[in-house]
Amino acid sequence: MNNSNIIILTFVVTALWDVALRYMALNFNKVPSIIQNIMPFIGDLEPYFKIHTLLAAALIAGFVGATTQPIILAITPFPKNIMNLSYVLKFLVVSFIISALYGFIMKWSGLFPHLQKHYYDKLGVVRSMYHDGISGLIVQFTLLFLVTMYKYGAGK
């Protein structure tokens with residue numbers, strides 16, 4: 001799969017994960033207590049998701065994912081073989097670091113004032129970097145799964 005396809009798929013996957021996050025934030029009292037305890041910041045996103053429509057929030061998230069991925073791919077190309085665990089681990093470490101650092105660009109750009117108010121300001125620098133990094137890993141694990149399924153399943 002070429003980089004353009006990976007970037008497009010990143011946009012879609014990131015946007016869809018944002019829809020799931022929206023559902024959890026707007027229904028936080030119904031989320032399992034283990035998630036509420038481990039990730040209480042999800043509940044803090046309720047005002048953010050009430051400001052943006054489902055489509056607007058998903059497009060913002062997709063844009064962020066699609067603009068982060070080329071930086072990651074320039075440093076560490078997407079794994080061609082998931083059995084090469086050392087390379088996959090390197091790819092995931094780079095993904096975590098770039099995703100964590102990309103939050104600074106989002107904050108400093110001023111393009112995301114509602115996210116700044118309801119996410120970055122509440123979490124602080126270290127926690128927001130950690131959560132941005134984890135978000136990047138969630139997207140990359142999803143992509144690795146989908147690309148592998150395509151490679152060994154439907155894409156044969």
Side-chain angles (χ1 to χ4, degrees), residues 1-76 78 91-150 153-155:
M1 187 169 281
N2 65 37
N3 282 356
S4 297
N5 289 342
I6 291 170
I7 292 166
I8 292 166
L9 189 56
T10 301
F11 179 92
V12 172
V13 166
T14 307
L16 290 174
W17 273 118
D18 190 74
V19 171
L21 183 60
R22 175 192 186 88
Y23 180 79
M24 288 191 294
L26 296 178
N27 299 285
F28 195 66
N29 59 332
K30 297 176 185 174
V31 171
S33 60
I34 189 165
I35 294 175
Q36 290 179 10
N37 294 332
I38 294 172
M39 297 183 279
F41 75 93
I42 292 174
D44 294 336
L45 289 170
E46 181 182 5
Y48 170 78
F49 285 116
K50 285 188 173 183
I51 290 168
H52 290 295
T53 65
L54 177 102
L55 181 59
L59 289 173
I60 290 168
F63 169 80
V64 170
T67 57
T68 306
Q69 190 70 280
I71 300 167
I72 296 165
L73 296 175
I75 297 167
T76 311
F78 197 82
F91 175 75
L92 293 173
V93 167
V94 168
S95 296
F96 179 87
I97 293 168
I98 298 302
S99 297
L101 294 175
Y102 201 80
F104 286 112
I105 295 170
M106 292 173 61
K107 287 185 280 191
W108 293 334
S109 73
L111 294 174
F112 309 98
H114 301 299
L115 198 57
Q116 177 74 37
K117 178 180 177 184
H118 299 291
Y119 179 74
Y120 290 113
D121 289 348
K122 287 191 177 206
L123 286 177
V125 174
V126 173
R127 285 185 61 216
S128 64
M129 286 178 67
Y130 172 75
H131 289 294
D132 285 344
I134 294 296
S135 295
L137 289 181
I138 290 169
V139 170
Q140 298 298 35
F141 277 118
T142 304
L143 291 171
L144 285 166
F145 173 78
L146 292 173
V147 169
T148 301
M149 294 305 295
Y150 177 78

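We number each residue from 1, following the sequence as shown. Hydrogens, waters and symmetry mates are skipped; everything else that's a heavy atom, side chains included, is used.
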J.: Once you round to the nearest 0.5 Å, how far does CG of Leu21 lie from CG of Leu45?
T.: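 If we round to the nearest 0.5 Å, Leu21:CG and Leu45:CG are 5.5 Å apart.
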J.: For the CZ atom on Phe112, are there more than 12 heavy atoms of other groups (residues, nucleotides or ligands in this structure) within a distance under 6.0 Å?
T.: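 Result for CZ/Phe112: enclosed.
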J.: Shortest non-hydrogen contact from Leu73 to Phe78?
T.: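 For Leu73 versus Phe78, the nearest heavy atoms are CD2-N, 3.5 Å.
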J.: Is any side-chain heavy atom of Tyr102 closer than 4.5 Å to a side-chain heavy atom of Asp132?
T.: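 Contact flag for Tyr102/Asp132 side chains = no.
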J.: Any side-chain hydrogen bond (donor to acceptor under 3.5 Å, both in side chains) pairs touching residues 19-31, not counting sequence neighbours?
T.: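 As it turns out, there is no side-chain hydrogen bond (donor to acceptor under 3.5 Å, both in side chains) pair with a partner in residues 19-31 once direct neighbours are skipped.
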J.: Answer yes or no: is there a side-chain heavy-atom contact under 4.5 Å between Leu101 and Met129?
T.: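 The answer is yes, as the side chains (C-beta and beyond) meet within the 4.5 Å cut-off.
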J.: Got Phe104 and Tyr120 here, is their nearest side-chain heavy-atom distance under 4.5 Å?
T.: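 With C-beta onward as the side chain, the pair stays apart.
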J.: Quick one, Lys107 and Ser128 - any side-chain contact, counting heavy atoms below 4.5 Å?
T.: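 Yes; the side chains approach each other to less than 4.5 Å.
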J.: What are the two closest heavy atoms between Val64 and Thr67, and how far apart are they?
T.: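 Minimum heavy-atom separation between Val64 and Thr67: O-OG1, 3.2 Å.
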J.: Please confirm whether the backbone N or O of Phe96 pairs with a side-chain atom of Ser99, one donor and one acceptor, at under 3.5 Å?
T.: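 Judged by distance alone, no pair lies under 3.5 Å.
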J.: Is there side-chain contact between Glu46 and Phe28, with at least one heavy-atom pair below 4.5 Å?
T.: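 A side-chain contact is absent here, since even the closest heavy-atom pair is not under 4.5 Å.
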J.: Can you pull out every ring pair (Phe, Tyr, Trp, His ring centres under 6.0 Å) where at least one residue sits in residues 41-63? Sequence neighbours excluded, please.
T.: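 Matches after skipping sequence neighbours: Phe41-His131, Tyr48-His52, His52-His114.
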J.: With a 4.5 Å limit on heavy-atom distance, are the side chains of Ile42 and Ile35 in contact?
T.: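 Ile42 vs Ile35: side chains touch.
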J.: Hey, could you give me the OH/CG distance between Tyr150 and Leu143, rounded to the nearest 0.5 Å?
T.: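 Here the rounded value is 14.5 Å.
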J.: Show every donor-acceptor pair shorter than 3.5 Å between a side-chain atom in residues 6-18 and any protein atom, with sequence neighbours excluded, or say none if there are none.
T.:
{"residue": "Thr10", "atom": "OG1", "partner": "Ile6", "partner atom": "O", "Å": "2.6"}
{"residue": "Thr10", "atom": "OG1", "partner": "Gln69", "partner atom": "NE2", "Å": "2.8"}
{"residue": "Thr14", "atom": "OG1", "partner": "Thr10", "partner atom": "O", "Å": "2.7"}
{"residue": "Trp17", "atom": "NE1", "partner": "Thr142", "partner atom": "OG1", "Å": "2.9"}
{"residue": "Asp18", "atom": "OD2", "partner": "Ala58", "partner atom": "N", "Å": "3.4"}

